[in-house]
Amino acid sequence: MDVEQVGDVLVIKLPSRLDAVGVAAIENKLSETTAAHKGKALADMSGVDFVASLALRMLLTNLKAVQSLGGDLRLCGLQPQISEIFRKSRFDTLFKIYDDCQSALEGYAAE
Amino acid sequence: MERCIEVPAEWESIARLIDFVDEVTGAMALSEEQDYVMRLVIEEIATNIIKYGYEDGIQGVIQLNCSNLRGPLHIIIRDRGHPFDPRECVEPDLCGDVQSRTIGGLGLFLVREFSDYLAYHHDAGSGWNELLVVKG
């Protein structure tokens with residue numbers, strides 16, 4: 001999991017496999033990083049080719065935590081299969097989702 | 001092609017099952033959708049068996065059989081824990097907002113949504129549960 005700051009946005013590049021093993025490897029670091037930053041966060045999911053319910057739980061937990069601190073966690077770059085998971089689970093109604101990092105950063109900047 | 005594995009019903013086995021899927025998907029030349037469903041099914045169902053299937057202190061097992069001998073991908077997961085039919089699991093709440101949304105039941109919901117066919121059988125005599133998932 002790579003993290004970089006672009007302006008006031010924390011951009012987190014998520015690893016390809018967010019299965020049980022992948023989630024266990026990053027969930028603590030992800031929650032610590034987003035909680036410490038408090039503000040605008042963006043999870044770049046362009047490299048992610050698998051999510052299941054554990055990954056959805058992790059993302060929702062982080063969204064709740066960061067929103068309660070006054071920030072937000074947005075997503076970008078979902079591959080078609082991942083988009084389908086978000087659509088069926090209606091997670092696409094919980095997160096602001098952008099096609100790519102650039103449009104997500106522009107979205108944040110326009111506010 | 002047909003492959004099978006048996007693992008103890010414990011958290012450490014999830015990594016072994018994922019390694020097994022990596023081997024099988026490469027060898028079976030599955031479609032992207034079949035590959036995804038196989039990972040989804042194994043993660044969600046195995047996790048469920050490990051969490052809820054066996055009484056504490058019982059050394060349970062999970063057996064997994066994957067085959068595409070008859071064309072579509074057939075995944076069979078067997079355990080001897082509590083009988084549980086994933087087809088009868090309550091629908092998850094998909095409507096809440098961020099703060100109220102819960103994700104109980106979401107894993108099995110995704111398995112049902114992405115599979116073509118699910119069949120479940122509990123054999124009262126032997127105690128085995130068998131779940132068949134088919135993806136064309």
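Order of the sequence lines fixes the chain letters, A, B, ..., with proteins taken first and strands second; residue numbering starts at 1 for each chain. Everything numeric here is computed off the predicted structure, so don't read it as measured data. Atoms considered below: every heavy atom in the structure, side chains included; atoms not considered: hydrogens, waters and symmetry mates.
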Novice: Check step by step if side-chain contact (heavy atoms from CB on, under 4.5 Å) holds for A:Phe95 and B:Val98.
Specialist: CA-CA 8 Å; A:Phe95 289 87; B:Val98 170; over 6 Å; no
Novice: Would you say B:Val7 and B:Tyr52 are hydrophobically clustered, going by side-chain heavy atoms of ILVMFWY under 4.5 Å?
Specialist: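 No, it is not one cluster - the side chains of B:Val7 and B:Tyr52 are not joined through contacts under 4.5 Å.
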Novice: Examine A:Leu69 and A:Met58 and state if one hydrophobic cluster contains both, with Ile, Leu, Val, Met, Phe, Trp and Tyr joined whenever side-chain heavy atoms are less than 4.5 Å apart.
Specialist: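 No; tracing contacts between hydrophobic side chains, which count when under 4.5 Å, never links both residues.
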Novice: Which residues, ordered by chain and number, are linked to A:Tyr108 in its hydrophobic cluster, where ILVMFWY side chains connect at heavy-atom gaps below 4.5 Å, directly or through other members?
Specialist: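 Under the 4.5 Å side-chain rule, A:Tyr108 groups with A:Val6, A:Val9, A:Val11, A:Leu42, A:Leu105.
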Novice: Is it the side chain or the backbone of B:Ile18 that comes within 4.5 Å of chain A heavy atoms, both, or neither?
Specialist: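 Side chain only.
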Novice: Could you pull out the closest heavy-atom pair between A:Lys88 and B:Leu94, with the gap in Å?
Specialist: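 For A:Lys88 and B:Leu94, the tightest heavy-atom pair comes out as O-CD1, 3.9 Å.
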Novice: Starting at OG of A:Ser68, measure out to CD of B:Gln99 and round the result to the nearest 0.5 Å.
Specialist: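 So the OG of A:Ser68 and the CD of B:Gln99 are separated by 6.5 Å.
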Novice: Decide if atom CG of B:Asp93 counts as having more than 12 heavy atoms of other residues, nucleotides or ligands within a radius under 6.0 Å.
Specialist: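 Count over threshold, so yes.
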Novice: Could you check whether atom CD of B:Gln59 has more than 12 heavy atoms from other residues, nucleotides or ligands sitting under 6.0 Å from it?
Specialist: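 Not buried by this count: 12 neighbours or fewer within 6.0 Å.
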Novice: Report, in residue-number order, which members of residues 16-28 of chain A are under 4.5 Å from chain B by heavy-atom distance.
Specialist: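 Counting heavy atoms that sit under 4.5 Å from chain B, the residues of residues 16-28 of chain A involved are A:Arg17, A:Asp19, A:Ala20, A:Val21.
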Novice: Does the side chain of B:Leu110 reach to within under 4.5 Å of the side chain of A:Leu56, using non-hydrogen atoms?
Specialist: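 Sidechains of A:Leu56 and B:Leu110: in contact.
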Novice: Could you list which of residues 62-87 of chain B have a heavy atom closer than 4.5 Å to any heavy atom of chain A, in residue-number order?
Specialist: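 Listed by number, there are no contacting residues, so the answer is none.
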Novice: What residues of residues 23-48 of chain B sit under 4.5 Å from chain A when you count only heavy atoms?
Specialist: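 Only B:Glu32, B:Glu33, B:Tyr36, B:Arg39, B:Leu40, B:Glu43, B:Glu44 of residues 23-48 of chain B have a heavy atom under 4.5 Å from chain A.
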Novice: Mark yes when over 12 heavy atoms from residues, nucleotides or ligands other than A:Arg57 sit less than 6.0 Å from its CZ; otherwise mark no.
Specialist: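 For A:Arg57, atom CZ is not crowded (no more than 12 foreign heavy atoms under 6.0 Å).
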Novice: For residues A:Leu63 and A:Ile12: do they belong to one hydrophobic cluster (side chain heavy atoms under 4.5 Å, members Ile, Leu, Val, Met, Phe, Trp, Tyr)?
Specialist: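 The answer is yes; both residues are in one hydrophobic cluster.
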Novice: For A:Leu94, is it the side chain, the backbone, both, or neither that has a heavy atom closer than 4.5 Å to a heavy atom of chain B?
Specialist: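 Interface part for A:Leu94: both.
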Novice: Test of understanding: clusters of I, L, V, M, F, W, Y form through side-chain heavy atoms closer than 4.5 Å, transitively. Do A:Met45 and A:Met1 belong to the same one?
Specialist: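 A:Met45 and A:Met1: one cluster.
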Novice: Decide whether A:Val66 and A:Tyr98 are clustered together by the hydrophobic rule: side chain heavy atoms of Ile, Leu, Val, Met, Phe, Trp, Tyr closer than 4.5 Å, transitively.
Specialist: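 Each belongs to a different hydrophobic cluster.
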